[in-house]
Amino acid sequence: MLDRTAQLTTRYVRTPEAARLLGISPRTLEKYRCHGNGPTFRKLGGRVVYAIGDLEAWADQAACTSTSDPRYVEARAAGNAHR
């Protein structure tokens, strides 16, 4: 029951608002979507939407404490992988 309630309270945003929340351009988010290295998205009624929780989870995966943090190298490589 709790999962159903949680699903109903999930807030979805479209690409421009998701990009604004992440601090990247909508075009970059579209590119990530094509290459499969961006946040999880859903296609609802022909529109691409992102759950706020999925955006936060994706951003948390790139959290680093310093430039010597191994995750920094991975996050930087992921950002440059499809340029």
Side-chain angles (χ1 to χ4, degrees):
M1 181 71 176
L2 183 59
D3 288 340
R4 180 77 175 140
T5 302
Q7 288 175 347
L8 293 175
T9 59
T10 300
R11 183 167 177 243
Y12 297 101
V13 294
R14 295 182 65 186
T15 300
E17 186 174 359
R20 187 182 56 76
L21 291 171
L22 293 170
I24 60 177
S25 75
R27 180 69 184 123
T28 299
L29 198 51
E30 291 167 2
K31 189 169 22 173
Y32 286 167
R33 193 167 60 235
C34 289
H35 295 292
N37 57 352
T40 301
F41 66 94
R42 292 162 179 80
K43 191 93 169 176
L44 301 177
R47 294 180 177 169
V48 172
V49 295
Y50 296 87
I52 298 292
D54 289 341
L55 296 174
E56 291 172 344
W58 182 76
D60 287 345
Q61 289 176 352
C64 303
T65 56
S66 73
T67 55
S68 61
D69 188 328
R71 291 176 296 185
Y72 176 79
V73 175
E74 293 172 18
R76 187 173 178 173
N80 292 328
H82 299 287
R83 287 188 177 182

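All values derive from a computational prediction rather than experimental measurement.
- When all heavy atoms of P26 and P16 are compared, the pair lying nearest together is CG-CA, 4.2 Å.
- Expressed to the nearest 0.5 Å, how far OG1 of T15 lies from CG of L29 amounts to 5.5 Å.
- Residues that satisfy the salt bridge (charged side-chain N to carboxylate O under 4.0 Å, His left out) test with R14, not counting sequence neighbours, are absent from this structure.
- Listed by first and then second residue, the salt bridge (Lys or Arg N to Asp or Glu O under 4.0 Å) pairs involving residues 41-59 are R42-D54 (not counting sequence neighbours).
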Given I24 and Y32, is the side chain to side chain contact (heavy atoms under 4.5 Å, CB included) satisfied, shown in steps?
CA-CA 11 Å; I24 60 177; Y32 286 167; 4.2 Å; yes
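- Legend: residues meeting side chain to side chain donor-acceptor pair (under 3.5 Å) with Q61, ordered by chain and number and at least two apart, are absent.
- Between A51 and T10 the shortest heavy-atom distance is CB-CG2, 3.7 Å.
- In terms of the side chain to side chain donor-acceptor pair (under 3.5 Å) criterion, T40 has no residue partners (sequence neighbours excluded).
- In this structure, A19 and S25 approach most closely via the heavy-atom pair CB-C, 3.6 Å.
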What's the verdict on side chain to side chain donor-acceptor pair (under 3.5 Å) for R33 and Y50, showing C-alpha distance, side-chain angles and the deciding distance?
CA-CA 11 Å; R33 193 167 60 235; Y50 296 87; 2.9 Å; yes
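- Here W58 contributes atom CH2 and N37 contributes atom CG; the two are 7.5 Å apart, rounded to the nearest 0.5 Å.
- With rounding to the nearest 0.5 angstrom, the CG atom of L22 is 5.0 Å from the CG atom of L55.
- Under the side chain to side chain donor-acceptor pair (under 3.5 Å) criterion, S66 pairs with S68, not counting sequence neighbours.
- Two residues are said to be in side-chain contact when any heavy atoms from C-beta on lie closer than 4.5 Å; V49 and V13 fail this criterion.
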